[in-house]
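Since the structure comes first, as structure tokens, the remarks are kept for the end.
On a predicted model such as this, the values are computed, not experimentally measured, just so you know. We name chains A, B, ... by the order of the sequence lines, and we start the count at 1 in each one.
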2 protein chains.
Amino acid sequence: MKSIQKQLDRAQFGGKPVALQTIERLSTYRRVLEDLHAKGIQYVYSHQLAEYVDVTPAQLRRDLSAFGSFGNISRGYNVQRLITTLSELLGTSNIQPVALVGVGNLGRTLLSYRGFEERGFSLRVVFDNDPAKIGRVIAGRRCFDIREAETVLRDQPVEIAILACRPQGIQGVVDRLAAAGVKSILSFVPAIIDVPPGIHIEMEDISAKLEKLSFLAKNRPAKPAYGYEKGRTTM
Amino acid sequence: MKSIQKQLDRAQFGGKPVALQTIERLSTYRRVLEDLHAKGIQYVYSHQLAEYVDVTPAQLRRDLSAFGSFGNISRGYNVQRLITTLSELLGTSNIQPVALVGVGNLGRTLLSYRGFEERGFSLRVVFDNDPAKIGRVIAGRRCFDIREAETVLRDQPVEIAILACRPQGIQGVVDRLAAAGVKSILSFVPAIIDVPPGIHIEMEDISAKLEKLSFLAKNRPAKPAYGYEKGRTTM
DNA sequence: CTGCTATTGTGTACACAGTCACAAACCGTG
DNA sequence: CACGGTTTGTGACTGTGTACACAATAGCAG
Ligand SMILES: NC(=O)c1ccc[n+]([C@@H]2O[C@H](COP(=O)([O-])OP(=O)(O)OC[C@H]3O[C@@H](n4cnc5c(N)ncnc54)[C@H](O)[C@@H]3O)[C@@H](O)[C@H]2O)c1
Ligand SMILES: NC(=O)c1ccc[n+]([C@@H]2O[C@H](COP(=O)([O-])OP(=O)(O)OC[C@H]3O[C@@H](n4cnc5c(N)ncnc54)[C@H](O)[C@@H]3O)[C@@H](O)[C@H]2O)c1
């Protein structure tokens, strides 16, 4: 019985290492840019966009510079073009199929959520291990036996999977998905998992986030108003 | 229109600054310790626990040392005692009431989830702004009008709230909660929020995590097998 | 064409999380 | 009682993410 926290703290792009935090900020930039685009704004300066995202302008420019030069030196960044660029970097230019394992309460909620499509993802392939669910159509998707993952994903390959099943036997699920070519996994399951080589697993432990918030609620910085600035949070 | 990513990257404990990542690891330690406890293990060495969590033993000891000295020098850490200590630090020794805003698909899923109780949280107070839901009892909780937040939370104070509502008017919701004494907020809503002073907001943007995973799936490190060790992931 | 202003991209400096390595403390054993 | 073995807690160091500050560049006005 083991587990990890670290697993991979750097990504690669064009041979150069990129901080994972940079990738996470790209999502934020893209979302804010979408809002600006919806407002008809065509160009934006780094200091403007940076203020929206509450990041220093230098941080924003440095983040982008890891992938190339996208700014016009005295017009700033073309909103439309930057959105396209970021989408390409994140791999969401075209809508991307995603697999879901576990069609319980959480799984069904995710299936009926429309927000994913807007961000370039589509929960297309659905698995479970409950005979009562296998073969049935749930939220428009036919539910497959998890044991057939390799077969099903051969016809309809996916790179990303979401885990919303019970902890029991989850290791087998992960190994199966890895064998079927899945590259990345988002897990809502609070269980310890051996990560197969070449796979990246992202944990979404809601209880852990609550614990963090609980700590912060009880250990507030002693001096509430000293150089304090109203912060902002995105998304 | 603004937003943030940073907002607060250090916590405080006893006047000393503590890295936020340390807090997050405490959750992991506690979870693994619970498993060990369930197995009847009474003492554990830092190098053992560290291996389960895939952290260096020094990291583990350093994390704990930010809060005191809990280890017996040649017996290691008392599992039971360390669980208690971590629970106290995280503020989950006694079950803690949490408010939920928005009883839609996601909200109802969270309400019916039993995992929170096991980790020391209880979704007790429920709000919405839909007249069809206000006053009704949903999953055993009576649903209140969000506009009455301040009144309701005066009788039943909570420090933590979860947002599972629509983005529209979310700023008003946050301000109301802050005025009602809420200290920490976990938001599933992909919207830009002005954070009132003294409040901490944690974003849970599932689409952003998928984007990160998409990037990693497409930009895999060039050399798959070079000094590679099978990693582990917890929870 | 020249000078002025404003912005991008980046070399450099800094701060800090994570690692190393060791002194101090404890235990068991002979 | 001494001693080798083992572990904790922590000073010192390193790696790296972020911030600063400036050179290079573009536009524009006169
Ligand atoms: N519901 C929530 O709000 C919530 C919140 C945080 C985390 N989680 C976690 O998400 C997971 C799912 O939660 P839920 O409330 O939907 O549970 P659930 O019991 O309602 O649904 C679980 C589903 O997964 C299926 N399943 C179980 N084992 C499987 C396997 N090995 N392979 C394929 N399918 C399998 C079951 O048949 C069932 O349909 C749990 O691990 C839970 O801890 C849930
Ligand atoms: N459902 C998912 O899987 C999922 C995943 C990620 C993020 N989210 C986000 O979570 C939020 C909720 O998602 P959902 O699928 O449950 O939506 P939903 O429409 O089913 O439910 C939203 C609920 O919030 C209530 N509400 C709206 N505005 C409110 C306000 N100002 N104050 C109080 N209550 C209000 C509505 O009356 C409704 O009951 C959305 O912002 C969504 O983007 C959902």
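Scanning for side chain to side chain contact (heavy atoms under 4.5 Å, CB included) contacts around A149(A) gives F127(A), I146(A), R176(A), with sequence neighbours left out. Legend: residues meeting salt bridge (charged side-chain N to carboxylate O under 4.0 Å, His left out) with K183(B), ordered by chain and number and at least two apart, are absent.
Over its length, the helix from dC1(C)-dG30(D) to dG30(C)-dC1(D) turns its helix axis by 10°, as judged from the five terminal pairs at each end, rounded to 10°.
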Next item on the list: Would you give a per-nucleotide map of nucleotides 20-30 of chain D, 5' to 3', where B means the base has a protein non-hydrogen atom under 4.0 Å away, S means only the sugar-phosphate does, and - means neither?
Entry: BB--BBSS---
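Between R25(B) and dG18(C) there is a side-chain N or O to OP1 or OP2 distance below 4.0 Å. Checking the phosphate oxygens (OP1, OP2) of dT19(C), a side-chain nitrogen or oxygen of Q59(B) falls inside 4.0 Å. Using a 4.0 Å cut-off, no side-chain N or O of Q48(A) falls inside it from OP1 or OP2 of dT7(C).
Interface residues of residues 77-86 of chain A facing DNA chain D, ordered by number: none; criterion, heavy-atom separation under 4.0 Å.
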Extract all donor-acceptor atom pairs below 3.5 Å that involve side chains of residues 83-92 of chain A and protein atoms in other chains or at least two apart in sequence.
from	atom 1	to	atom 2	distance (Å)
T84(A)	OG1	Q80(A)	O	3.0
T85(A)	OG1	R81(A)	O	2.8
S87(A)	OG	R30(A)	NH1	3.2
S87(A)	OG	I83(A)	O	2.9

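Nearest to the side-chain atoms of H47(A) among the listed nucleotides dA17(C), dT8(D), dT7(C) stands dT7(C). For S46(B), counting side-chain heavy atoms from C-beta on, the closest listed nucleotide (dG18(C), dG17(D), dT8(D)) is dT8(D).
Whole-Å rounding puts the Q21(A) CD to dG15(D) C1' distance at 14 Å. The nearest whole Å value for the distance from the CG atom in L60(A) to the C1' atom in dA19(D) is 14 Å.
Note on Y43(B): nothing from the nucleic acid sits closer than 4.0 angstrom, heavy atoms only.
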